[in-house]
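Report on one structure; see the data block that follows.
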Amino acid sequence: MEDLYREQILDRYKAPRHRGHLEDYDIAYEDDNPTCGDHIRIELKVQDGRVVDARFDGQGCAISQASADLLLDEVIGKPIEEVKQISKDDLLEILGITLGPVRLKCALLSLKVLKAGVYGLGA
Amino acid sequence: MEDLYREQILDRYKAPRHRGHLEDYDIAYEDDNPTCGDHIRIELKVQDGRVVDARFDGQGCAISQASADLLLDEVIGKPIEEVKQISKDDLLEILGITLGPVRLKCALLSLKVLKAGVYGLGA
Amino acid sequence: MSEPDCLSILDVPRIRADFPVLGREVRPGVPLVYLDSTATSQKPKQVLDVLTNFYRAHNANVHRGIYTLAEEATAAYEEARAKVAAFIGASSPEEIVFVRNATEAINLVAYSWGRANLKEGDLVLLTELEHHANLVPWQMLAAERGIRLEFVPVTPDGALDMEALPELLALEPKLVAVSGMSNVTGFQPDVKSIARAAHDAGALVLVDGAQLVPHAPVDVQELGVDFLGFSSHKMLGPTGVGVLYARRDLLEAMPPFLGGGDMIRWVKLREFATNDIPYKFEAGTPPIAEAVALGAAVDYLRSIGMEKIHAYEQALAEYVLPRLQEVPGLHVLGTTLERRGAVFSFWMDDIHAHDVSQVLDYYGIAVRAGHHCAQPLHTKFGVTATARASFYIYNTPDEADRLIAALYKVKEKFG
Amino acid sequence: MSEPDCLSILDVPRIRADFPVLGREVRPGVPLVYLDSTATSQKPKQVLDVLTNFYRAHNANVHRGIYTLAEEATAAYEEARAKVAAFIGASSPEEIVFVRNATEAINLVAYSWGRANLKEGDLVLLTELEHHANLVPWQMLAAERGIRLEFVPVTPDGALDMEALPELLALEPKLVAVSGMSNVTGFQPDVKSIARAAHDAGALVLVDGAQLVPHAPVDVQELGVDFLGFSSHKMLGPTGVGVLYARRDLLEAMPPFLGGGDMIRWVKLREFATNDIPYKFEAGTPPIAEAVALGAAVDYLRSIGMEKIHAYEQALAEYVLPRLQEVPGLHVLGTTLERRGAVFSFWMDDIHAHDVSQVLDYYGIAVRAGHHCAQPLHTKFGVTATARASFYIYNTPDEADRLIAALYKVKEKFG
Ligand SMILES: Cc1ncc(COP(=O)(O)O)c(C=O)c1O
Ligand SMILES: Cc1ncc(COP(=O)(O)O)c(C=O)c1O
């Protein structure tokens with residue numbers, strides 16, 4: 001547990017910084033993990049090719065929700081081209097934990113949603 | 001081999017006593033074992049409820065053919081009612097060998113044909 | 001039920017010694033508490049010995065060979081069939097078809113019996129308790145053939161609403177397909193009464209026995225079951241083999257399902273004739289070693305006694321359920337103590353089942369999290385996922401205590 | 001080919017030491033000579049160790065569990081899939097579906113791809129060499145859907161008549177389904193050329209790899225195979241598991257076959273959505289331990305090298321065939337030495353194959369007798385049953401000598 005539920009993750013789960021909705025956004029996308037019911041929606045505000053603000057909403061396990069919150073830390077302020085470069089490994093490094101196959105899906109749901117959004121699947 | 005191909009069986013296989021056909025018969029039946037192609041036909045001549053003569057024909061392995069020949073030894077001269085009583089165990093005792101599941105089917109084909117005949121399936 | 005009362009029913013420490021995996025530590029110093037036997041059971045060394053001994057001394061393909069090994073392998077395989085037949089009270093071994101698992105057993109019935117006997121508008125009556133294995137094959141048939149599906153409702157305490165049955169049977173279903181024991185609520189429907197009523201209404205009865213057969217005595221003739229499917233891996237046997245029991249006359253009338261070697265009487269280039277039952281339904285090389293080892297699992301279960309196993313699990317349920325319900329904010333899906341096995345699915349306020357399971361794993365406790373392949377039942381109860389702790393003959397009340405203690409830790413962590 | 005030449009290819013004595021059953025005596029003083037690997041192969045201890053170790057230390061159900069054991073079991077199962085994919089040159093593990101055996105693999109294609117893509121009058125091109133597993137599923141589809149079947153003829157020496165192919169392909173079959181190696185004549189059709197020609201004619205290509213995959217290097221991409229089915233038990237792995245390889249785009253477009261847990265994305269009472277490949281085709285608990293052990297069998301085969309195995313068996317064929325043909329009154333079904341494995345089906349004048357096999361068993365020699373699930377091929381050659389001796393990596397030229405010597409005894413006995 002020490003390894004999996006690091007303070008950071010429980011923290012972000014209980015008191016997320018980026019949970020909520022934007023009044024006005026340029027990109028939004030949502031998806032879920034039907035097996036366990038994890039759900040994530042991400043909204044991005046983009047100006048001059050740069051993400052100026054972002055929010056997520058959703059429900060699910062601590063890993064999936066904390067991962068979304070930590071991911072948005074990374075995203076906010078970055079040019080959209082750099083956001084596109086964020087990899088699975090980057091996110092796992094931010095999370096700082098080793099995950100089994102099932103939990104990996106939880107952790108990566110937010111990234112999957114983000115990517116689908118920035119690659120133009122969202123509106 | 002000593003146990004399975006007793007002299008008696010090889011003998012009967014090579015020089016059967018009852019192989020052939022009757023000019024005139026009251027009961028005849030034939031069947032086969034489709035897996036291995038063993039085939040047996042049995043013809044019986046019945047007078048006053050008693051089997052007065054019998055022949056078999058067919059092809060297949062030594063066990064199936066010798067079993068038919070030895071079975072007819074038993075049958076000839078017997079009242080049809082007693083023929084109906086001949087059991088699987090009787091035949092195996094006559095053969096005097098222990099058989100695995102596959103060979104059992106070979107050994108019992110003649111009895112199956114005989115029974116089908118005397119119980120009126122043949123004409 | 002107190003701990004010692006439970007343990008007077010079954011000599012669990014002795015049983016545990018037969019299961020190598022139970023000696024394992026999940027991490028150094030953290031012993032395994034395996035509470036996921038509903039997903040798959042562990043295997044005693046008696047079963048593993050038979051499995052490896054088959055390969056080490058008797059391995060050959062079955063049914064055709066005349067040589068020593070092939071005869072031994074065939075005899076062992078057919079003996080396993082006879083053991084399974086006796087175990088569930090079938091009238092003969094020919095009524096036992098070896099398949100991969102309970103899922104394939106039900107699909108076989110849907111493909112073979114279903115496609116030969118059900119036409120557009122015909123009704124199959126299921127229940128809201130069902131595992132996906134007893135839903136999806138019928139949904140596929142509904143999509144393909146236009147058969148109708150209706151469902152016996154589940155009560156708030158996780159049992160079947162038997163009062164709804166007469167009305168549903170009045171719709172004249174052709175088949176009533178019901179789980180013998182829910183893998184979520186642990187409820188064990190009264191199969192005998194359902195079968196009697198179904199037969200009176202002119203329906204055949206299929207029982208999904210994946211959970212029932214490992215946990216309770218089953219006699220298909222006395223229960224009046226026409227089709228029964230179950231899996232070896234949930235009853236101490238290996239993966240890769242399961243059983244379809246069907247009444248002889250049904251099996252004989254059913255068209256074949258899979259085509260290939262062994263299921264044929266003869267084959268020409270453009271046509272074939274089918275073999276006798278049960279071989280008609282066993283195309284290709286069967287799970288030989290697995291079936292033989294399933295026979296050893298049946299021996300093991302019989303040596304303990306299914307009555308005793310059932311009684312032990314009922315006693316465990318009485319021990320565990322109230323203690324679980326004492327955990328604040330914890331809700332059990334399936335609260336009846338009547339006709340139930342020792343399976344407990346639950347959710348905790350504001351804590352996702354994944355997180356529950358993960359924290360429990362930290363304490364060595366293996367429970368499953370998810371919808372347990374019974375999504376409609378979860379939907380009905382308004383939850384997406386539950387954690388599920390399930391007990392079998394090798395689990396102790398002490399392990400239940402450890403589970404409860406760890407659940408308080410979960411609350412602490414996430415509170 | 002001389003004995004020492006064969007043995008310079010493969011270190012057979014060392015290999016034999018890995019196979020516990022080969023130390024067995026059929027009767028006291030009569031060691032086993034196992035010449036029936038075409039029916040099922042023996043298993044090395046490396047495979048048995050992985051199999052039992054799975055149950056002793058890691059056993060859990062796959063895909064859903066979050067706890068340690070379940071994660072280990074899932075990782076082991078998926079690793080086996082990746083090993084199999086690499087072994088046959090699949091472009092990704094998702095193209096590997098675990099089934100029971102080669103027979104189920106072919107049935108899966110017939111049920112799923114066949115029923116979705118073939119309509120009345122469509123042609124499936126088979127060959128006269130085929131095993132029942134690659135005949136009966138198509139005959140069933142012909143009876144149900146009115147598809148047509150045509151057959152590439154077999155030549156008198158037991159090979160395929162490739163000259164007939166262009167004419168048959170001109171009939172525009174939708175699928176060409178051909179054995180990669182005959183289990184009767186040992187002939188190994190030129191799959192690559194057949195696939196190229198079939199593709200040019202607009203057909204897909206299914207290869208029955210039950211015999212090919214255990215005995216020769218296979219690269220599905222290089223061969224141009226669209227579907228490939230094979231069985232673990234013929235390639236040193238356990239019974240109860242087999243493989244369907246299919247190209248990703250085909251698998252993705254195919255409707256599901258069996259319904260139940262794991263093959264779904266979500267389930268409501270009256271509808272479901274399918275999971276991603278390969279899970280879409282794996283309903284219910286898969287043969288987990290068996291797949292993991294198949295992975296170990298693949299490791300074992302790779303550690304020897306499929307090229308070497310193939311070369312050794314070709315050398316054995318060159319050693320055995322002429323010696324067999326010297327036995328007076330003995331006729332081999334399949335006399336070509338080109339493109340062949342070390343499988344020899346034969347009949348002896350006036351002696352039934354059962355009797356041949358039985359006498360050989362007396363000398364400890366295990367050969368199969370019958371039609372070897374290739375009845376049309378036997379009919380074509382005018383025989384009902386043959387005896388079949390088949391060799392694998394653990395068989396020696398010395399064992400072939402013992403076979404030949406025993407065949408002379410058979411003649412003596414029945415002469
Ligand atoms: C060429 C061929 N195809 C298919 C099969 C069927 O294999 P299985 O019985 O493992 O499904 C066999 C095995 O006998 C075979 O030799
Ligand atoms: C009630 C019930 N039915 C069917 C199944 C399916 O069993 P299997 O996956 O072995 O086919 C299960 C197993 O999870 C079950 O619990």
Side-chain angles (χ1 to χ4, degrees), chain C residues 20-21 24 26 39-40 42-43 48 52 55-57 59 61 64-69 100-101 103-104 107 132-133 135-137 139-140 149 151 233 238-241 258-261 264 266-272 283-285 287-290 354 357-358 361 366 368-370 373 375-376, chain D residues 20-21 24 26 39-40 42-43 48 52 55-57 59 61 64-69 100-101 103-104 107 132-133 135-137 139-140 149 151 233 238-241 258-261 264 266-272 283-285 287-290 354 357-358 361 366 368-370 373 375-376:
Chain C
V21 78
R24 191 184 146 166
V26 162
T40 198
Q42 297 301 342
K43 327 297 173 197
L48 299 182
T52 44
Y55 287 124
R56 297 177 70 92
N59 177 62
N61 213 325
R64 291 291 151 74
I66 285 169
Y67 56 86
T68 308
L69 249 56
R100 177 173 36 244
N101 51 25
T103 302
E104 193 190 13
N107 278 275
H132 297 164
L135 290 172
V136 179
Q139 293 176 353
M140 287 169 66
L149 307 178
F151 302 87
H233 71 93
T239 50
V241 67
L258 302 182
I264 53 91
W266 51 254
V267 178
K268 300 178 184 173
L269 278 178
R270 293 175 190 279
E271 50 173 341
F272 72 99
T285 304
I288 305 170
E290 291 76 12
H354 276 182
S357 169
Q358 187 94 54
D361 182 50
R368 197 143 284 245
C373 298
Q375 215 171 3
Chain D
V21 79
R24 193 186 144 163
V26 162
T40 198
Q42 297 301 342
K43 327 297 173 196
L48 299 182
T52 45
Y55 287 124
R56 297 177 69 93
N59 176 63
N61 213 325
R64 290 291 150 75
I66 286 169
Y67 56 86
T68 308
L69 249 55
R100 177 173 34 248
N101 50 26
T103 302
E104 192 189 13
N107 277 275
H132 296 165
L135 290 172
V136 180
Q139 292 176 354
M140 288 169 66
L149 307 178
F151 302 87
H233 71 93
T239 49
V241 67
L258 303 181
I264 53 90
W266 50 255
V267 177
K268 300 177 185 175
L269 278 179
R270 295 176 189 279
E271 50 173 341
F272 71 98
T285 304
I288 305 170
E290 290 77 10
H354 277 182
S357 169
Q358 188 95 53
D361 182 50
R368 196 141 286 241
C373 298
Q375 214 171 3

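As the structure is a prediction and not an experimental result, all values here were calculated from the model. So that the names make sense, note that chain A is the first sequence line, chain B the second, and so on, each numbered from 1.
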Q.
Looking only at heavy atoms and a cut-off of under 4.5 Å, which of Gly259(D), Ala39(D), Pro137(D), Ala57(D) has the most pairs with chain C?
A. Gly259(D)
Q) Which atom names give the shortest non-hydrogen contact between Asn101(D) and Gly284(C), and what distance separates them? A) ND2-C, 3.8 Å
Q: Could you walk me through whether Trp266(D) and Gln375(C) pass the side-chain contact (heavy atoms from CB on, under 4.5 Å) test, one step at a time?
A: CA-CA 7 Å; Trp266(D) 50 255; Gln375(C) 215 171 3; 3.5 Å; yes
Q: Without swapping roles, check the side chain of Thr239(C) against the backbone of Ala289(D) for a donor-acceptor pair under 3.5 Å.
A: yes
Q.
Is there a side-chain contact between Arg56(C) and Arg24(D) in this structure, where contact means two heavy atoms from C-beta onward sitting under 4.5 Å apart?
A. no
Q) Where on Val241(D) is there a heavy atom nearer than 4.5 Å to chain C: the side chain, the backbone, both, or neither? A) neither
Q: Kindly indicate whether the side chain of Asn59(D), heavy atoms from C-beta on, has any atom under 4.5 Å from the side chain of Thr40(C).
A: yes
Q | Part of Leu149(D) lying under 4.5 Å from any heavy atom of chain C | A | both
(Q) Ignoring hydrogens, what is the shortest heavy-atom contact between Gln42(C) and Tyr55(D)? Give both atom names and the distance. (A) OE1-O, 4.2 Å
(Q) Checking Ile288(C) against His233(D) for the side-chain contact (heavy atoms from CB on, under 4.5 Å) test, could you report, in this order, the C-alpha distance in whole Å, the side-chain angles of both residues, the deciding distance, and whether it holds? (A) CA-CA 10 Å; Ile288(C) 305 170; His233(D) 71 93; over 6 Å; no
Q. Is it true that a side-chain atom of Asn107(D) and a backbone atom of Leu258(C) form a donor plus acceptor pair closer than 3.5 Å?
A. no
Q. Are any non-hydrogen side-chain atoms of Glu290(D) and Pro238(C) less than 4.5 angstrom apart?
A. yes
**Q.** Interchain contact, Leu269(C) with chain D, by part (heavy-atom threshold 4.5 Å)
**A.** both
(Q) I'd like to know which of Ser357(C), Gly370(C), Ala133(C), Gly260(C) tops the heavy-atom pair count under 4.5 Å against chain D. (A) Gly260(C)
Q: Take Thr68(D) and Asp361(C) through the side chain to side chain donor-acceptor pair (under 3.5 Å) test and state the conclusion after the steps.
A: CA-CA 7 Å; Thr68(D) 308; Asp361(C) 182 50; 2.8 Å; yes
**Q.** Chi angles and distances behind the side-chain contact (heavy atoms from CB on, under 4.5 Å) call for Arg368(C), Tyr67(D)
**A.** CA-CA 8 Å; Arg368(C) 197 143 284 245; Tyr67(D) 56 86; 3.3 Å; yes
Q: Evaluate the side-chain proximity of Met140(C) to Phe272(D): yes if any heavy-atom separation is below 4.5 Å, no if none is.
A: yes
Q. So which of Lys43(C), His132(C), His354(C) has the largest heavy-atom pair count under 4.5 angstrom toward chain D?
A. His132(C)
(Q) Walk me through whether Glu104(D) and Thr285(C) qualify under side-chain contact (heavy atoms from CB on, under 4.5 Å). (A) CA-CA 10 Å; Glu104(D) 192 189 13; Thr285(C) 304; over 6 Å; no
**Q.** When Val21(D), Thr52(D), Leu48(D) are compared by non-hydrogen pairs under 4.5 Å with chain C, the top option
**A.** Val21(D)
Q: Using atom types as modelled and distance alone, determine if a side-chain donor or acceptor of Arg100(C) lies under 3.5 Å from a backbone N or O of Pro287(D).
A: no
Q) Are any side-chain N or O atoms of Gln139(D) and backbone N or O atoms of Val267(C), one a donor and one an acceptor, separated by less than 3.5 Å? A) no
Q.
A side-chain contact here means heavy atoms from C-beta on lying under 4.5 Å apart; do Val136(C) and Glu271(D) qualify?
A. no
